[in-house]
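For reference, the structure discussed in these notes is given below.
Per chain, numbering begins at 1; letters A, B, ... match sequence-line order. Just so you know, these numbers use all the heavy atoms, side chains as well, and skip hydrogens, waters and symmetry mates.
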Amino acid sequence: MNEINKNEKVIPQTILTLNDDFSLIKRFIDGDESVFKTLVNRHKEKVRNLIFVTLNSPDMIDDISQEVFISVYKKLDRFRFESQFTTWLYRITINKCRDHLRRVKIRSILSPFSASEAELSYSSVSLHDEVEIQEIVRKAVAQLPVKLKTPLILKDFEGLSYQEIAEAIGVEVGTIKSRIFRARESLKKILAPYKKELL
Amino acid sequence: MKWYNQNSKEQLSSYIDNELPKHEKDFLEDKLFASPKLRDEVGDLQKLKERLSSLKRLPEDEFFAARLMEKIKGEKKSASLLSFVKKPAVVFGVVSISLMGILKFYPGLFPDFLSEQKTNIIDFYTQNLKPFVYVADLNSEDIFNFAFNNNLPLNKEDRQMLQLDRDSNGNQFVEVNYAGSSTSAFNLPVFVKSLKLNNDQKLTVDSILLSYSDDIASHILVNEKNTVAVNPSIWNYHNAIRSDLLSYAASVNKEFSNKIMPAGFREKNVSSMRVMSKPGESDQETYFVFSPDTIFTQKLHVNKDDLKNQIHKFKTEIRQHTGELNKLKRFKIDVKVFPDEFTSSRRMKVFIDSNICRVQIPQDIAMESYLPNFDSINSALDEAFDQLRNFHFDMRVETSEKGSASVSTDKKKRKNVQKFEFKIGDENFVMPNPDSLANFFRFYFQDSSKTFKSNDRMNQDMEVFKKEMEKFKKEMEKMKKEFQKEFQKNSEKKDPIEI
């Protein structure tokens, strides 16, 4: 019996490390700051893409993404585990985008010569390739008001549910439903000259 | 198909998101089955959704986390250094001692440093300033609006305006704002219509306005850093254009001009108002500079003769090479920035919200008129144009029980009331014929009598007046007959003579 026991491989006791967002946050709060990098790597692309589609301004992606994660870093110990981490992250990202747009708007009062950058050029109605179509759609989305644009992006681009979007933005589900509908109606109007190619 | 309304469209949007409760989804699917139009609508929405969901994602940034962690590390380091700073007494002591030491040996250090920073900012934002014509080719309506509504378009597409005006306290201000969709009721077409100008006269008005185009454009400088520098002497052109238009109005339609000009001013020699060549002689070199980060005043020296030549040349080139933006970039003027002793001491009141940025102009650089003897006619001009804006006549007919009737013409603002009174009880009273009264007005107002004729209210009032006069006439005749009757009776009823 003892021999058998000796021949048995001694399996070292392994500590199961949970890698879900909540567990990582708990470890961060307990003092293990190294997990923050894991959180960043896990969610950075969501944040960068959301900023890109919302602002349609490639130059700002890196700066605003960094602002978002620095804000997360500073506030993470106050995270209340009442909603998903991504919902909370999206809320911070949306707020940072809004702050940026507000700054741009104030600057644009004094910037008469750059306001129409994001406008569509209707002269090139014949769209030849996918890249061109993507650009047209991106610019059309950029023209929507922020309060319509954000829920639409979170729904169609990020694939969130109405409930998740409502939590991220902090409004009722009914409002989200209505805003997404209005965003689509507006987008259809903006893209009307390209209906044949796009729809 | 009655079911298909706005609310149902919203249901379609939720349907393609798979966010409808089961019973609503079943109901909608029944409707979809029956309606090809609804199916098309859903198809369009789905395609739109696919377009958005298939938007290309950004390529992954592998080093994002590394850069971020470095940044956080840097911030933590500076934060730990600052933790020392959190002890106020220590900081206060250290800073005070350091400052005392530095100032003892370099008393001019801070003023020099601050002034250097200011100079850097000023240099940065005043580089490569170009006249306004670079971005906006002003048309006659823009210049008219500048004269009468005090604004100039900076960006016509976005309706971004430069406004030069006075606030309710009489303080002058320069403002960059969004005009939205509002348009002024008093514009060039209204002016042309009021004066009843023919095509040739309209062209003359256009040419008067456009003759100011280059001057105005050269008083506003812009550059690619979104800086707008405004020379407050542009205000002179505002007055000059108004006076020129008034002068022209007087020459083409004297009666009209007489009506709008204030009493006592009509007799003045109108030609003295022709001041087109004068306003440009102002030597005002202080500009209000609006930049994306700051607003300041700065003395800029612009050689105006060179500038005008260049604008002319530039416009010719643009006409020849329509659409070649590179030509625009080659346009350069010699703008020299030199120290302004007021810049550091001057305090400007600035108001900013999401739609406007307003700077209240300090007294010492207020937009004064440099036109010769212009002050004396300025208020008269204001009054004249105020009347022009509100040009309107109203006729009132009032009768009273005491037997008097009065007719008055009344401007909208109840100025210049003219009253005609007919006292019925007077011995010399002659019953006025309402037609003759109308003729009187026709004579007095000549051309504008058409306006009176077409004025419904005046016609109604005249009708009332006529009826009342007719009534009064009948009563008088009745009284006369009764009096005659009475007289006859009395003469017939002579008392018998007693013998």
Side-chain angles (χ1 to χ4, degrees), chain A residues 33 36-41 44-45 48-49 51-53 58 61-62 65-66 69-70 73-74 102 105-116 119 130-131 133-134 137-138 141 152-153 155-159 161-163 173 176-178 180-185 187-188 191 195 198-199, chain B residues 6 9-14 16-19 43-45 47-58 60-62 64-69 71-72 75 134-136 153-155 157-158 160-162 176-178 222-228 290-293 295 352-357:
Chain A
E33 291 201 357
F36 186 71
K37 198 172 178 180
T38 315
L39 269 177
V40 172
N41 276 326
K44 66 178 170 37
E45 294 312 317
R48 291 177 69 241
N49 280 296
I51 293 168
F52 180 44
V53 185
I61 298 168
D62 205 47
S65 308
Q66 288 206 1
F69 281 108
I70 288 172
Y73 181 84
K74 286 177 181 169
R102 204 173 293 130
K105 192 171 182 188
I106 289 174
R107 282 185 172 217
S108 74
I109 298 171
L110 302 167
S111 311
F113 323 117
S114 58
S116 58
E119 280 181 16
E130 187 57 26
V131 178
I133 290 173
Q134 292 250 335
V137 175
R138 237 180 246 289
V141 172
L152 184 71
I153 292 168
K155 179 72 220 170
D156 288 351
F157 190 70
E158 295 294 337
S161 69
Y162 283 4
Q163 182 61 42
V173 173
I176 294 300
K177 181 179 164 181
S178 162
I180 289 176
F181 161 68
R182 280 160 55 205
R184 284 181 178 142
E185 288 293 300
L187 205 56
K188 268 162 73 178
L191 292 171
K195 194 178 175 190
L198 294 174
L199 301 177
Chain B
Q6 189 74 2
K9 278 187 169 185
E10 198 171 307
Q11 297 290 82
L12 292 183
S13 171
S14 302
I16 63 153
D17 288 334
N18 204 18
E19 293 270 358
D44 282 354
L45 283 171
K47 278 177 198 162
L48 191 67
K49 188 180 168 76
E50 279 161 24
R51 283 280 167 214
L52 278 172
S53 56
S54 64
L55 277 179
K56 211 175 160 190
R57 311 255 153 182
L58 289 167
E60 191 180 344
D61 184 349
E62 290 173 21
F64 177 82
R67 285 201 307 280
L68 177 73
M69 297 318 287
K71 195 167 181 180
I72 290 174
E75 285 201 358
Y134 171 77
V135 287
L154 285 176
N155 182 331
E157 280 179 19
D158 291 350
Q160 193 170 33
M161 312 298 282
L162 178 75
V176 179
N177 64 32
Y178 283 102
V222 297
N223 68 13
E224 66 284 357
K225 296 185 187 84
N226 293 316
T227 307
V228 182
F290 291 77
S291 76
D293 294 324
I295 295 165
I352 295 182
D353 78 3
S354 58
N355 277 324
I356 65 162
C357 175

| task | In plain terms, say whether E60(B) and R48(A) are close enough for a salt bridge, that is, a side-chain N and a carboxylate O under 4.0 Å apart. | result | no
| remark: Under 4.5 Å to a heavy atom of chain B? For I153(A) that would be neither
| said: Could you check whether K49(B) pairs with D17(B) (Lys NZ or Arg NE/NH1/NH2 to Asp/Glu carboxylate O, under 4.0 Å)? | reply: yes
| request: Against chain B, work out which of E158(A), R138(A), Q163(A), K177(A) has the most heavy-atom pairs shorter than 4.5 Å and name it. | output: K177(A)
| query | Of the backbone (N, CA, C, O) and the side chain (C-beta and beyond), which part of K71(B) lies under 4.5 Å from a heavy atom of chain A, both, or neither? | reply | side chain
| task | Name the option with the most non-hydrogen atom pairs under 4.5 Å to chain A; the candidates are L45(B), L52(B), L58(B). | result | L58(B)
| Can you say whether N18(B) sits under 4.5 Å from chain A via the side chain, the backbone, both, or neither, judging by heavy atoms? | neither
| request: Check the pair I61(A) / D61(B) against side-chain contact (heavy atoms from CB on, under 4.5 Å), numbers first and verdict last. | output: CA-CA 11 Å; I61(A) 298 168; D61(B) 184 349; over 6 Å; no
| Looking at Y162(A) and S14(B), what are the two nearest heavy atoms and their distance? | OH-CA, 3.5 Å
| said: If you count heavy-atom pairs within less than 4.5 Å of chain B, which of E45(A), R182(A), K74(A) leads? | reply: E45(A)
| request: Indicate whether any N or O donor in one side chain lies under 3.5 Å from an N or O acceptor in the other, for K44(A) and Q66(A). | output: no
| query | Hey, is K188(A) close enough to E185(A) for a salt bridge, meaning N to O under 4.0 Å? | reply | yes
| request: Against chain B, label V141(A) side chain, backbone, both or neither, depending on which of its atoms sit under 4.5 Å from a heavy atom there. | output: side chain
| query | Checking heavy atoms, do the side chain of F157(A), its backbone, both or neither come under 4.5 Å from chain B? | reply | both
